[in-house]
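Following: one structure in structure tokens, then a few remarks.
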There are 2 protein chains.
Amino acid sequence: MRKTTSGEIDLIWTQPPPPPRQRALGRDEIVTAAIAVADESGLDAMTMKAVAARLGDYTPMALYRYVHNKDGLVDLMLDAAAAEIPLPARPGPDWLEDLRTLAMDSRRMIGRHPWFARLVHTRPPAGPHMMRRLEFMLAVLVRQGATVAAAMTYAALIDRHITGSGLQEAEEARIERRYGLDDHAKLFAALATLHDLAAADGGLPHLTGWLAQPFGPTPEEQFTLGLGFLLDGIAGRLSAHASDGV
Amino acid sequence: MRKTTSGEIDLIWTQPPPPPRQRALGRDEIVTAAIAVADESGLDAMTMKAVAARLGDYTPMALYRYVHNKDGLVDLMLDAAAAEIPLPARPGPDWLEDLRTLAMDSRRMIGRHPWFARLVHTRPPAGPHMMRRLEFMLAVLVRQGATVAAAMTYAALIDRHITGSGLQEAEEARIERRYGLDDHAKLFAALATLHDLAAADGGLPHLTGWLAQPFGPTPEEQFTLGLGFLLDGIAGRLSAHASDGV
DNA sequence: CTGCAAAGTTTACGTGATATACAATTCATA
DNA sequence: TATGAATTGTATATCACGTAAACTTTGCAG
């Protein structure tokens, strides 16, 4: 950055020799840094300044030569995240297993990058890795007899479930973080507040009861359950059509 | 507002008598105005300034006496929107119909207030109307034999589907708006760009094919389909448990 | 009337994105 | 190896937001 805070005296001797900035910045480095910042500190902390700082001694403006604007950077982040989802080269023998595995892997990626779920709905899925992933789902479904249009619908349903889960879990994590990650006590207090609110209403017996003992299936179990419902439904449709054709 | 742009001379005579601001602002008026702004111009346009302006001749700071801060205003907006969803006093005879109707009504509300889906995941559902709506779903499900914990899970699955649909449709609408709402030509061009991108990859036959003829079920049909899958799955679970008990 | 509480406004500050102009560095080439 | 052009990064400035603090205006109660 080497910015001289106006007013300070900046003798050469007070500064160690600047590290020889050998090969320049690049898109990949910037995207990686942005992802790291967003992972660690949340989307709101991912400012151009924070990303630049993470890359070393840079000003925010240094990034603009490589990424047009922040929106472009976000596009790149999304596709980089999508690239982390392992993708078989071709559909395997068990199509349900293909879809289930893809869904679980996608979910894991979102677990690593919670911001993904919040950003993916703000732009078309035009990145190459996003497209390849969608193509895989389409291929799997079409091979089972779905039209491409139907396959798009089914894929959208599954993805909706994945990102919806991600959003919800990210929210819970953020709330936990905000009310003090140090201690379960704070979190408990927040739940108690909700409980009292519900109890005060008087007409919310079930909700109040649950808030008093807020336990149930783990998020992963909930996810798997919902995924199963959707896959069952899709399978039903496909077999119905298949027998139609016979 | 009556702000004097610094430098201008502001003789009383140059200004018409200010409209006699009789009964003050209030939370409800502010929330209504905020919702109107967000509905018409999108979430990003919903700034404190825009809301104040919509209410008449006010400065942004005028709102702060009533809503603490913008986040509080958002909380109020969410619950006001939730209040628009009609809610039967008690579960009816057909529990599936109850859930389906609630889901469709919720979906319609989100259609009117697309920002809802984007905001609802950023905070706990602590508003009274949100809570009452959730309580209704729980009541319906518990009455069918679900535990409260299971009912929470099922309700979350349904809501995820509702807001997920809302997000996706809002995105499509926003894209259409951004690339010129005037004309189908612009939208078509955007799709053509996507199509070319996909075609350029070479390995995306299904996606490319669909982009060449991007038709399929309407969003509403997609929604109903997915909702059906989920309700079928839930019904299956409930009846399985019921027969367990026998 | 008078004086105080409530309602609104002014001003100011911090942060963020980003346009524009500039400086420094690197590299190719003569 | 010298030199000028291209590349890379910085400085500076602007604009929009949210919001704190202090101030002014308004309207009603005594």
Side-chain angles (χ1 to χ4, degrees), chain A residues 1-8 10 12 15 17-30 33-34 37-38 41-77 115 119 122, chain B residues 1-10 12 15-30 33-34 37-38 41-77 115 119 122:
Chain A
M1 212 175 299
R2 215 166 305 144
K3 281 202 292 193
T4 58
T5 313
S6 58
E8 274 178 27
D10 180 30
I12 315 93
Q15 297 294 9
R21 180 167 300 166
Q22 26 238 25
R23 288 286 135 234
L25 245 41
R27 277 202 176 175
D28 290 357
E29 291 90 318
I30 292 177
V37 172
S41 316
L43 247 198
D44 294 347
M46 201 221 44
T47 76
M48 297 305 268
K49 187 167 141 193
V51 175
R54 173 135 204 146
L55 285 163
D57 198 13
Y58 290 99
T59 60
M61 291 313 290
L63 310 183
Y64 280 87
R65 177 153 276 108
Y66 299 89
V67 295
H68 303 348
N69 55 35
K70 192 175 180 179
D71 244 49
L73 175 53
V74 167
D75 285 339
L76 294 173
M77 289 172 70
W115 42 266
L119 291 177
T122 64
Chain B
M1 212 174 303
R2 217 167 305 145
K3 282 201 294 191
T4 59
T5 314
S6 60
E8 276 179 25
I9 303 175
D10 181 28
I12 316 92
Q15 296 296 6
R21 178 169 302 165
Q22 25 241 26
R23 287 290 135 229
L25 246 41
R27 276 199 177 178
D28 290 356
E29 291 90 318
I30 292 177
V37 172
S41 317
L43 247 196
D44 293 347
M46 202 228 28
T47 76
M48 296 305 266
K49 186 166 142 194
V51 175
R54 173 135 204 147
L55 285 163
D57 199 12
Y58 290 99
T59 58
M61 292 312 290
L63 310 182
Y64 281 85
R65 180 161 267 87
Y66 300 89
V67 295
H68 303 347
N69 54 37
K70 191 175 181 180
D71 243 49
L73 176 52
V74 168
D75 284 339
L76 294 173
M77 290 171 69
W115 42 266
L119 291 178
T122 65

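Chain letters run A, B, ... following the sequence lines, proteins first, then strands; residues in each count from 1.
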Just how far, in rounded Å, is P of dT10(D) from CE of Met48(A)? 13 Å
I need the Leu73(A) CG to His68(A) NE2 distance, nearest 0.5 Å. 11.5 Å
Could you tell me the separation between the CG atom of Leu63(B) and the P atom of dT9(C), rounded to a whole number of Å? 10 Å
Go through the structure and list residues passing side-chain contact (heavy atoms from CB on, under 4.5 Å) with Arg65(A), not counting sequence neighbours. none
Which atom names give the shortest non-hydrogen contact between Tyr66(A) and Ile30(A), and what distance separates them? CB-CD1, 3.6 Å
Might you list the N or O atoms of the protein lying below 3.5 Å from N or O atoms in nucleotides 20-22 of chain C, with each pair's distance?
none

By side-chain contact (heavy atoms from CB on, under 4.5 Å) - contacts of Asn69(B) (at least two apart): Tyr64(B), Asp71(B)
For Ala62(A) and Asn69(B), find the nucleotide of DNA chain D closest to each by heavy atoms; which residue's nucleotide sits nearer the 5' end? Ala62(A)
Could you state the atom-to-atom distance from CD of Glu29(B) to P of dA7(C) in whole Å? 12 Å
Distance, rounded to the nearest Å, where Leu25(A) contributes CG and dT7(D) contributes P: 16 Å
From NZ of Lys49(A) across to C1' of dT10(D) the rounded distance in Å is 15 Å
Nearest-nucleotide wise, let me know which of Asp44(A) and His68(A) is further upstream toward the 5' end of DNA chain C. Asp44(A)
Can you find a pair of side-chain heavy atoms, one from Leu63(A) and one from Leu55(A), that are under 4.5 Å apart? yes
Of the nucleotides dT18(C), dG9(D), dG16(C), which one has an atom closest to the side chain of Tyr58(A)? dG9(D)
Side chain of Lys70(B) - closest among dT9(C), dA17(C), dT19(D): dT19(D)
Please determine, for the side chain of Thr59(A), which listed nucleotide (dC17(D), dT18(C), dA11(D)) has the closest atom? dA11(D)
Does Tyr66(B) put a side-chain nitrogen or oxygen below 4.0 Å from OP1 or OP2 of dG8(C)? yes
Specify the separation, in whole Å, of atom OH of Tyr64(A) and atom C1' of dT12(D). 15 Å
Is there side-chain contact between Trp115(A) and Met77(A), with at least one heavy-atom pair below 4.5 Å? yes
Residues 42-52 of chain A, side-chain donor-acceptor partners within the protein, below 3.5 Å, at least two apart:
unit_1   : atom_1 : unit_2   : atom_2 : d
Thr47(A) : OG1    : Lys49(A) : N      : 3.3
Thr47(A) : OG1    : Ala50(A) : N      : 3.0

